[in-house]
Amino acid sequence: MKNEARFEHITARTGETVTMLSKLRDAKYRRETGLFLAEGIKLAEEALGRRQVVCALLSEEAYAAGGKPLALAEAAGDKGARLVVLSSGAFEKVSTEMAPQGLVFVLRTDDPAHENVPAGAEKEAADRYCGERLLMLSDVRDPGNLGTVLRSASAFGIDRVILSGCADLFSPKTVRASMGALFRLRTATVEDPAAFIRALQGAGRRVLATALGEHSLTLGSCGLEKTDVPVIGNEGHGLSPELLGAADATLLIPMAPGTESLNAGVAASLVLWEYFRAAAD
């Protein structure tokens, strides 16, 4: 039975709390506040116990119905989260889902699992990641694609995803598409991706750029190693000439004649499956 005294009730759509929460859709405001939203039962389950929950929001309908959303909110409250029930109108203003489940967690972005690697610190980071299985992404700008890649990375045993020029990691679309993988993976955002590639090579790792090249290795027959680091590029333009030049080799995904390219999420999934299979052998 719920403890009603633990919950605040907010009915107005225009109050300070609801206005602040609705602004977390905006990347600039997420950076300013250090907060982001994870919506729905699946993401709440994944986040609980892995991330600090600042606030658990319930719609008034979910609060009245009880069940899983209420239980998850109360579990977050046991760990110190603020518990808030929002009227239908207020919850609609905060929610980013077409079919909301009546539960939103507000989480902090400043988690040790997500690092920034400034220029000049590439060697130290590459050395620290020596025992990790890595995937590198450059200029993957679509948040849905980024979330899909994170989901595949988690499924295929990647420990850390290296990001450069990518979509916001904490965008509602990225968080939703990751299906909780964001809370299981470690990431590192690098300022100078070419320097980071050289640091990886200095640490004894082979870096493979997913692209068509004159002497490309062919996925499925090239003998991937678990220490290799695949690099996936922009959805439309692929990898920059600088990164292609820095990589040890290019990696070709065989496709039917007349096919130009694959969605970044699909390409990453194919590469990671082969990477996972090679590491298991």
Side-chain angles (χ1 to χ4, degrees), residues 1-114 143-144 147 150-151 154 168-187:
M1 185 174 183
K2 59 178 173 269
N3 182 352
E4 296 187 9
R6 304 176 72 188
F7 290 85
E8 301 174 48
H9 290 258
I10 297 176
T11 58
R13 286 174 53 95
T14 56
E16 182 180 353
T17 296
V18 172
T19 299
M20 182 275 287
L21 292 169
S22 67
K23 288 169 66 176
L24 289 175
R25 299 169 185 237
D26 180 72
K28 181 180 178 182
Y29 194 69
R30 289 194 295 272
R31 288 192 296 271
E32 290 175 355
T33 59
L35 301 174
F36 73 103
L37 302 177
E39 183 163 357
I41 292 171
K42 168 66 174 174
L43 292 178
E45 288 176 327
E46 292 281 359
L48 194 63
R50 291 189 172 99
R51 297 290 187 270
Q52 180 183 353
V53 183
V54 176
C55 185
L57 309 170
L58 283 169
S59 68
E60 58 186 3
E61 293 84 0
Y63 177 73
K68 198 63 170 286
L70 176 62
L72 288 166
E74 291 187 317
D78 292 340
K79 296 176 180 293
R82 177 186 176 191
L83 302 180
V84 178
V85 178
L86 299 176
S87 68
S88 297
F91 191 87
E92 183 181 81
K93 186 173 180 179
V94 174
S95 174
T96 62
E97 294 280 3
M98 294 296 292
Q101 295 178 312
L103 175 65
V104 179
F105 278 0
V106 182
L107 306 167
R108 294 197 183 281
T109 60
D110 57 344
D111 189 277
H114 305 297
L150 294 176
R151 186 178 180 183
S154 177
D168 182 8
L169 196 59
F170 303 106
S171 159
K173 290 183 179 179
T174 304
V175 177
R176 182 165 57 246
S178 79
M179 289 296 290
L182 177 65
F183 307 124
R184 299 189 294 272
L185 285 167
R186 296 187 288 274
T187 69

Considering all heavy atoms, the nearest [X]-[Y] contact:
| X | Y | answer |
| --- | --- | --- |
| V18 | R13 | CG1-O, 3.3 Å |
| L150 | L169 | CD1-CD1, 3.8 Å |
| R184 | M179 | NH1-O, 4.0 Å |
| A81 | V53 | CB-O, 3.3 Å |
| G102 | A62 | O-CB, 3.5 Å |
| S87 | T11 | OG-O, 2.7 Å |

Sidechain-backbone polar pair: [X] side chain, [Y] backbone, donor-acceptor under 3.5 Å:
| X | Y | answer |
| --- | --- | --- |
| R30 | R25 | yes |
| T174 | D168 | yes |
| T19 | E16 | no |

Can you confirm whether [X] is buried at [atom1], in the sense that more than 12 heavy atoms of other residues, nucleotides or ligands lie under 6.0 Å from that atom?
| X | atom1 | value |
| --- | --- | --- |
| E8 | CD | yes |
| R176 | CZ | yes |
| K93 | NZ | yes |

**Study point:** Test salt bridge (charged side-chain N to carboxylate O under 4.0 Å, His left out) applied to K42 and E39, E45, E46, the passing residue
**Key:** E46

Check your understanding: Is there a side-chain contact (heavy atoms from CB on, under 4.5 Å) between R51 and D111 once you walk through the steps?
Key -> CA-CA 8 Å; R51 297 290 187 270; D111 189 277; 3.2 Å; yes

Does the side chain of [X] reach to within under 4.5 Å of the side chain of [Y], using non-hydrogen atoms?
| X | Y | value |
| --- | --- | --- |
| L103 | K68 | no |
| F170 | L182 | yes |
| F7 | L70 | yes |
| Y29 | M20 | yes |

Can you measure from [atom1] ([X]) to [atom2] ([Y]) and round to the nearest 0.5 angstrom?
| X | Y | atom1 | atom2 | value |
| --- | --- | --- | --- | --- |
| L72 | L43 | CG | CG | 11.0 Å |
| Q101 | L58 | CD | CG | 12.0 Å |
| E32 | L24 | CD | CG | 10.5 Å |
| H9 | E60 | NE2 | CD | 9.5 Å |
| D110 | L35 | CG | CG | 8.5 Å |

Review point. Would you call the rings of F183 and F36 parallel, tilted or perpendicular if under 30° counts as parallel and over 60° as perpendicular?
Key: parallel

Check your understanding: Residues in ring-ring contact (aromatic ring centres under 6.0 Å, His included) with F105, at least two apart?
Key -> none

Exercise for review: Identify which one of V175, L107, V94 satisfies the side chain to side chain contact (heavy atoms under 4.5 Å, CB included) criterion when paired with L37.
Suggested key: V94

Practice item. For a side chain to side chain contact (heavy atoms under 4.5 Å, CB included) with V104, tell me which candidate from L86, L21, L57 qualifies. Key: L57

Point to revise | Short N-O contact, R6 and D78, less than 4.0 angstrom | key: yes

